[in-house]
Amino acid sequence: MKTPLFHRNKISYFLIIIFFFLINVFIYPKEKEPIKIGVSLSLSGKYANLGNMQKKGFELWANKVNSENGILGRKVRLIIYNDNSDPVVAVDLYNTLILNDKVDLLFSPYSSQVTEAILPITEENGYPLLISGASSDILWKKNYKYVFGVFTIASKYTIGFLELLVLNNISRIAIISADDVFSKYCLKGTEKWAKRFGLSIKLKEVFDKEKKDLIQIAEKVLLSGAQTIIVCGHYNESVNIKLAFRRINWSPQIYYATIGPAHSKYYEDLQQSAEKTFSSTHWHYYSKFQFPGSKEFSENFINKYKKEPSYLAATAYAAGQIFEAAIKKSGDLDRNKIRNILSIMDTISIIGRYGVDKNGKQIRHFTLIMQWQNGKKEIVWPKEFQTAKPILK
Amino acid sequence: MAKRVSNGQTNSKIKKSLYFRINNLSFKIISTIIFLLSALGILLYFSVLSSVSNFASKNIKENLEWAANDVYNICDKGFDELLKSGFAYDEKTLKIKTGLTLGVIEDFVIENDFDCIVYLKYNKRIIYYTELDFEPSEVLKQLMHENLVFNFEIKSKKYFTYYFQYEPWDWNIIILKDKEDYSNLINNVRLSYVLTGIIVLFLAIALILFLNNSVKNPITKIINSIKKDEPPSYHGTKEFEFLSNSIKEMMNHIYEQAEWINKVFSTIGALLIVMDTTGKLFMFNKTVEDLTGYSSKKEKGKYIWDLFVPEKHILYIKGLFKNLNDHNFPISFEGGILTKSGTEITIFWTDTIIVDKENHVQWVVATGIDITKRKLAEELLRESEKKYRLLVDTMNEGVVVQDRSGIITYANDKFCKIIGYKYEDTIDQPTERFLDNKNKNILKRELEKRKKNINDLFEITWTSNDNTKIDTIVSPMSIFDNDNNYKGYFGVVADITERKKLEEELMKAHKLESIGVLAGGIAHDFNNILTGIIGNINLAKIYLDKDNNVYELLLEAEKVSFRAKDLTQQLLTFSKGGAPVKKTDSITELIKDTTIFALRGSNIKCDFSILKGLWLSEFDSGQISQVINNIVLNAKQAMLKGGNIEVSTENITIKDEDQFPLKNGKYILIAIKDHGVGISDENLPKIFDPYFTTKEKGVGLGLASSYSIINRHGGYIKVNSKLGEGTTMLIYLPAKEKKRLKKEKPGKKIIELKGNGKVLLMDDEEIILKTIGNMLEHIGFEVEKAKNGEEAVSLYQLSLENNNPFDIVITDLTIPGGMGGKETVDKLLNIDPNVKVIVSSGYSNNDVMSNYKKYGFKGVIVKPYNIEKLNEALNTVLNK
């Protein structure tokens with residue numbers, strides 16, 4: 001027979017359970033679901049060097065946001081896949097991110113080639129995409145509604161450098177370009193601007209991007225009588241052309257490459273041959289003028305990765321910043337609202353001002369011209385950001 | 001031909017189908033919607049497109065002006081910055097600045113979808129142009145007005161252009177706007193239209209589907225039910241449900257009405273066919289179905305002449321339908337109807353029409369009655385009527401029909417014959433016209449009874465055209481109509497004139513018979529008295545000397561007594577006892593002898609017309625002689641001035657049709673006609689009555705006894721007489737085929753008054769016993785007397801026992817309260833078969849007296865008799 005004491009104990013146990021339940025609910029609220037942001041990057045393959053830099057930029061941004069209690073009170077969780085610099089793989093990965101991982105937002109991959117491949121998917125699924133690893137004009141000529149540029153488009157990469165040539169009375173130029181989409185738009189823009197500035201184009205040549213031995217091109221440049229050689233291509237082309245010149249024992253008066261020289265690896269690979277090489281960069285970790293957060297970014301990056309960040313890490317980081325601003329302005333993760341905000345938003349990131357035209361093309365960001373001088377990347381243009389005078393002889 | 005017909009039918013079907021489709025609700029809804037949408041679309045298309053086009057042109061021009069202004073500002077901003085930098089005329093700076101300015105212009109025009117050409121004013125060298133489909137130098141060849149929008153066309157492409165100059169840098173700038181953009185706008189509008197059209201189409205389809213579902217389907221559902229003659233039962237949209245329910249109620253009401261009408265139609269025994277105005281069958285009732293074997297439902301829509309109308313009537317019926325308005329309906333005619341098996345049945349048709357409010361014929365209704373049976377019945381009736389009319393016309397009774405006012409409305413020939421008028425003088429005449437006053441009253445009383453439906457037989461006497469009275473008996477039957485109103489009566493009239501006469505005769509005979517009985521009784525008593533008187537007178541005369549004065553007195557007394565005897569004889573003739581003692585013989589001699597004897601000594605001559613070969617007759621010569629004597633004496637007395645009496649005879653055969661109060665057979669007729677004074681009508685019925693006489697000295701028994709005698713002979717006596725012209729007496733006597741008996745030669749045998757023997761005399765009258773006893777004793781007989789049969793038998797028995805039997809027995813025939821002669825003779829014969837018994841009675845006409853031998857008597861003697869007659873009778877019997 002059960003006693004009254006037994007009953008009293010039973011009620012007590014029940015009340016204790018209820019008490020702990022209430023503490024758990026009200027005093028220790030459950031952590032909100034993180035904001036899932038997916039991205040596929042060229043962590044291997046031909047753009048591995050550049051892609052990895054971007055990965056670090058995204059992670060650094062996420063770490064910073066999460067350390068500051070996330071966005072709208074939600075942490076950011078990055079889902080990063082490796083597309084091996086292959087557009088086909090990237091398409092699959094973005095489908096996976098959207099359909100399987102059901103990410104809230106997406107970052108763009110590296111390179112115009114891969115980016116162009118995945119845009120139809122993001123556009124179709126209504127994911128606003130900040131293009132932080134590509135700048136080919138073609139990306140904004142397809143009337144996509146959800147595509148927004150983070151930095152200057154390809155056809156305007158060389159404007160500052162050409163202006164520098166005019167100012168220094170150098171008029172004969174040769175333009176060679178790899179046959180990828182980014183490089184060709186660089187070529188087109190360079191040619192157009194060169195004409196506007198009254199420069200004389202002695203050679204315009206397009207070569208196979210996969211071709212590593214570019215001696216023939218180098219000889220053509222030699223024979224063209226051009227004072228300046230402008231290489232439209234990525235890191236590999238910038239190095240290979242340089243190597244080709246070395247092989248023919250000739251060095252142009254002025255050597256410019258669109259992408260490659262801005263990365264420290266360029267100098268590491270070419271050493272002395274890298275000296276005096278001009279290039280465009282969308283951000284530099286030190287200059288006369290720094291945009292807000294830029295210094296902190298650089299320090300954090302160096303602290304974490306023990307090396308200098310390239311502009312690709314900064315553009316990735318900046319993309320995170322722009323998204324963060326848009327989400328906060330939206331107040332939620334409604335992708336349409338975010339898209340609308342991105343189309344009209346005017347904000348400052350670590351790489352400069354953000355503002356797009358009606359096609360989503362970046363129009364407010366400007367590019368810096370750097371030159372390797374004595375093993376250092378010096379900003380030589382514009383004058384307001386100059387860390388050293390350009391060496392044109 | 002067949003093909004052409006077939007094609008014609010196909011075309012007709014196509015037309016019908018097309019007509020049906022055009023009038024289909026779906027078609028109307030769809031076509032209306034499509035028409036409205038198309039009209040709206042076209043209207044909007046042109047109006048909006050035109051507006052859009054104008055708007056676009058205006059907008060593009062404004063845009064061009066705005067873009068040109070912006071480009072100018074871009075240039076001006078570059079130049080201004082250049083000026084402010086202090087390197088406005090530095091070549092390198094200028095190059096850079098103009099280049100950058102061109103870049104800004106480029107960004108601007110690209111972003112705003114313009115094309116642009118910038119060339120140097122002085123040498124027309126193009127320093128910038130957007131990507132164009134033609135050589136930009138082509139534009140420079142056009143004549144353009146500064147700061148004005150104008151059109152430019154090249155390679156089938158049209159542009160709006162705006163041309164202006166930026167003087168600081170000697171730039172000529174042309175802003176171009178591809179009209180394709182305008183076209184794009186238009187195309188967009190068009191596309192919008194197409195999209196809108198598609199949307200509208202979908203909406204239209206949706207609307208159609210909606211209307212189909214919400215309007216057409218309910219209506220179709222309702223209509224389909226109606227087409228199937230079923231009440232709709234739609235459930236859904238409230239309005240259609242209301243409509244469906246209303247129709248359902250209406251249809252149910254109509255069905256109930258129709259069912260009721262059908263029931264009425266089906267219960268109508270008459271044929272009923274309803275057709276439209278073209279003659280197509282709409283329906284016919286069950287009577288027609290049963291009669292013809294056709295089904296109303298199956299044959300609906302067929303022309304009536306293809307089904308029911310016999311060939312001989314087809315043209316008429318078709319003509320009727322061709323000109324329905326030309327006929328005055330209803331039309332009745334005797335026609336026919338064809339059954340499924342082809343049999344034609346005679347029908348009496350009545351065609352009527354049903355018209356609408358505008359008096360247009362809507363339906364033709366034919367009602368008919370199968371008159372085959374009626375016709376047959378009429379035929380049979382006619383036959384029957386003919387038969388009955390023949391029967392009525394030929395029947396022996398008259399038939400007369402009177403209306404309530406007594407007017408004769410029908411009479412058969414016999415009736416006319418009975419009342420003695422012609423048919424045309426009888427019909428439509430008041431019955432009273434044929435009646436005297438007495439009978440008018442009878443008729444009046446009878447009519448009152450008829451009105452009360454009392455139909456007893458009644459007698460009435462008609463007065464014929466020649467004033468002859470005709471007695472009739474009428475068997476009436478009142479006639480009432482359905483409302484029990486008296487309409488008259490029907491009478492069967494029998495002529496009973498002859499029967500009345502016969503009845504009168506019978507009554508007369510009964511009268512005579514009664515008198516005869518009375519007379520017979522009187523005569524019997526009287527004869528007994530006379531027997532006593534005559535016997536005593538007879539004995540007195542015997543005992544007296546003839547010279548004695550008393551003898552003469554006794555002789556006169558005897559004469560008077562014999563006259564009394566004649567009188568009693570006549571009386572006895574009336575009585576039953578006067579039965580004639582008939583013998584078969586020729587009556588010719590008797591007639592002649594008697595007539596001549598009766599007329600002896602008179603001034604009247606007799607003309608005999610006696611038929612040779614006159615049939616024999618069985619008659620009592622004495623009685624017939626008496627008859628002829630009486631008649632001839634009457635004739636003689638009627639012809640006081642003398643003259644001729646015509647006596648004739650003839651053979652006649654009486655048959656049924658002669659309606660004569662005699663049995664059928666052969667008779668001889670004796671006619672005795674005088675030309676005397678004749679007999680008045682008043683006296684004529686009475687002449688055979690006893691004691692009726694017109695003579696001063698007559699007793700009135702002559703013709704009465706004659707009537708009786710002839711009647712007892714099985715004959716008949718009749719008189720025809722007219723006052724002043726004479727009288728004819730007709731005597732009918734039955735003829736006999738027996739051979740004539742041999743005549744006994746006449747001659748009187750005188751028997752001597754002498755007797756010997758013992759006589760038993762039986763009579764109830766003491767005077768008779770005494771007188772006859774004296775007479776018998778006078779003759780010489782020993783006499784014992786008995787007062788009745790018992791006593792006589794006893795005495796005779798005693799005499800036999802004493803061995804002293806009687807030789808002869810004389811018995812009276814009738815003994816009041818005792819045994820008479822007939823029984824006595826039977827007893828005596830039982831005792832002594834050889835007994836000799838003589839019957840004696842005053843009833844000379846009694847059958848026993850006439851046929852005494854048959855009853856066992858040996859002789860007969862009629863009272864009164866004298867001693868000679870007694871002696872003769874005794875001697876005759878005793879000597880046998």
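Below, read A as the first sequence line, B as the second, and so on, with proteins coming before strands; counting in each chain starts at 1.
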Requested in this report: Check whether more than 12 heavy atoms from other residues, nucleotides or ligands sit under 6.0 Å from atom NZ of K157(B), and answer yes or no.
Outcome: yes
Report task. Look at K361(A), K195(A), K192(A) and state which one has the largest set of heavy-atom pairs under 4.5 Å with chain B. Result -> K192(A)
Report task. Quick one: pull up CG in L167(A) and NZ in K92(B) and give me the separation to the nearest 0.5 Å. Result -> 6.5 Å
Query - E135(B) atom CD: more than 12 heavy-atom contacts under 6.0 Å - result: no
Report task. Step through the shown structure and confirm whether more than 12 heavy atoms of other residues, nucleotides or ligands are within 6.0 Å of OH on Y129(B). Result -> no
Requested in this report: Would you indicate whether K141(A), at its atom NZ, is surrounded by more than 12 heavy atoms from other residues, nucleotides or ligands within a distance under 6.0 Å?
Outcome: yes
Report task. Check each atom of I159(A) against the heavy atoms of chain B and say whether the ones under 4.5 Å are side chain, backbone, both or neither. Result -> side chain
Query - Atom pair CZ/NZ of F197(A) and K97(B) - distance to nearest 0.5 Å - result: 10.0 Å
Requested in this report: Check whether any side-chain heavy atom of V166(A) sits under 4.5 Å from a side-chain heavy atom of E91(B), and report yes or no.
Outcome: no
Requested in this report: Nearest 0.5 Å please: distance from the CG atom of L100(B) over to the CZ atom of R196(A).
Outcome: 9.0 Å
Query raised in the report: Non-hydrogen atoms of chain A under 4.5 Å away: do they reach the side chain of D107(B), the backbone, both or neither?
Result: side chain
Requested in this report: Can you tell which part of N359(A) gets under 4.5 Å to a heavy atom of chain B, answering side chain, backbone, both or neither?
Outcome: neither
Report task. Answer yes or no: are there more than 12 heavy-atom neighbours, outside K142(A) itself, under 6.0 Å from its atom NZ? Result -> yes
Query raised in the report: Is atom NZ of K358(A) surrounded by more than 12 heavy atoms (other residues, nucleotides or ligands) closer than 6.0 Å?
Result: yes
